[in-house]
**Q** 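Quick one: structure below, then a few questions.
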Amino acid sequence: MSEQHLLHEVDCNIAIIRINKPKVLNALSLPLMADLATLLEQYDADDSINVILLSGNERAWAAGADIGDMATASSDEMRRRNQFAIWEQIKAIKKPIVAAVSGFALGGGCELMMHCDIIIASENALFGQPEINLGIIPGAGGTQRFTRAVGKATAMDVVLSGRFLSAKEALSYGLVSRVVPKEHWFEEALSVAKQVATKGPIALRAAKASVLNAQEMPLSKALSEERALFYDLFDTNDQTEGMNAFSEKRKPNFTGT
Ligand code: DAK
């Protein structure tokens, strides 16, 4: 795997991945996306990792898919590439992914961000689905996840005009979880990842799956899935440990069992 376009390291039980193509504002090339999906799967399967932190750099989280990869492609060629398989791999990651977003989060970059679970945005971040400017529409969920996040009125405004949302707007519409001062965007996201990483891995995976069900399922089905996950957790050591620790007024030591 060529990993220069992705830097990654481990801090305790947090995997930190940084998209690293600053000259093109972290444009998401096909090889980069394939490597990112593989890397996420590796950390998802690694028992020593509890949370994944995905980041860009100060100027760009990612300014979209690499336009050069698509400029001369025909409809048949786009179909043959089957790029959606890579996005499905990312969607299937079970561990929480915290996004540390500064600068541009556009097009496929915004869609990648919406595959993350907690989105910490710098006050300088800009969001959009400007594919309309290129004569196409969002292809990796941008018309769907974006609309579910911000509502139809704002989604139409953004998707049809190609305009960017400020971090303040994105927070008010519910696209991001928190907006933080630009000097501390990465540290704030890392701090959130660290807080989440203290929780029990089994409960974290169940909580992520259950919240995501709210986007995919009718309410009655999602409620019964939630109930099943809730019951299952009472067969885990982490549930016993969590409740004992509360009674004993100490911090829990979750083992993921
Ligand atoms: N692709 C390739 N290169 C890009 C890029 C991109 N998306 N965005 C920026 N760059 C490059 C620029 O070409 C420039 O390169 P040089 O000219 O220096 O060689 C460099 O990054 C710096 O950009 P600018 O000079 O333009 O910087 P500015 O500050 O003036 O402007 C900008 C920043 C973000 C407003 C501007 O660069 C811009 O408008 N970029 C394009 C944004 C965009 O249209 N994004 C949507 C792309 S389409 C799919 C899934 C997903 C997708 C498609 C298929 N499947 C599953 C099938 C997604 C599609 C998209 O994202």
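One-based numbering, in listed order, for ligands and for the atoms of each. FYI, the numbering just counts along the sequence from 1.
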**Q** Using a 3.5 Å cut-off and no angle test, enumerate the donor-acceptor pairs between side-chain atoms of residues 226-239 and protein atoms at least two apart in sequence or in another chain.
**A**
{"unit_1": "Thr236", "atom_1": "OG1", "unit_2": "Leu233", "atom_2": "O", "d": "2.7"}
{"unit_1": "Thr236", "atom_1": "OG1", "unit_2": "Gln239", "atom_2": "N", "d": "3.1"}
{"unit_1": "Asn237", "atom_1": "ND2", "unit_2": "Thr257", "atom_2": "OG1", "d": "2.9"}
{"unit_1": "Asp238", "atom_1": "OD1", "unit_2": "Thr255", "atom_2": "N", "d": "2.9"}
{"unit_1": "Asp238", "atom_1": "OD1", "unit_2": "Gly256", "atom_2": "N", "d": "3.2"}
{"unit_1": "Asp238", "atom_1": "OD2", "unit_2": "Gly256", "atom_2": "N", "d": "3.1"}

**Q** Determine, stepwise, if the pair Ile93 / Ile52 fulfils side-chain contact (heavy atoms from CB on, under 4.5 Å).
**A** CA-CA 10 Å; Ile93 299 300; Ile52 298 165; 4.2 Å; yes

**Q** Is any NZ, NE, NH1 or NH2 atom of the basic residue among Asp44 and Lys94 found under 4.0 Å from an Asp or Glu carboxylate oxygen of the other?
**A**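 Salt bridge: no.
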
**Q** Working to the nearest 0.5 angstrom, can you tell me the gap between Asn26 CG and Ser55 OG?
**A**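 If we round to the nearest 0.5 Å, Asn26:CG and Ser55:OG are 8.5 Å apart.
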
**Q** Which residues satisfy the side chain to side chain donor-acceptor pair (under 3.5 Å) test with Ser122, sequence neighbours excluded?
**A**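 Result, side chain to side chain donor-acceptor pair (under 3.5 Å) vs Ser122: Asn124.
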
**Q** Residues around ligand 1, heavy atom under 4.0 Å from any ligand atom, sorted by chain and number. Can you pull those?
**A**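 Answer by chain and number: Lys23, Val24, Leu25, Ala27, Arg59, Ala63, Gly64, Ala65, Asp66, Ile67, Met70, Gln83, Phe84, Trp87, Phe104, Leu106, Gly107, Gly108, Glu111, Pro130, Glu131, Leu134, Ala140.
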
**Q** Which pairs of donor and acceptor atoms, one on a side chain in residues 189-203, lie under 3.5 Å apart (sequence neighbours left out)?
**A**
{"unit_1": "Thr198", "atom_1": "OG1", "unit_2": "Gln195", "atom_2": "O", "d": "2.7"}

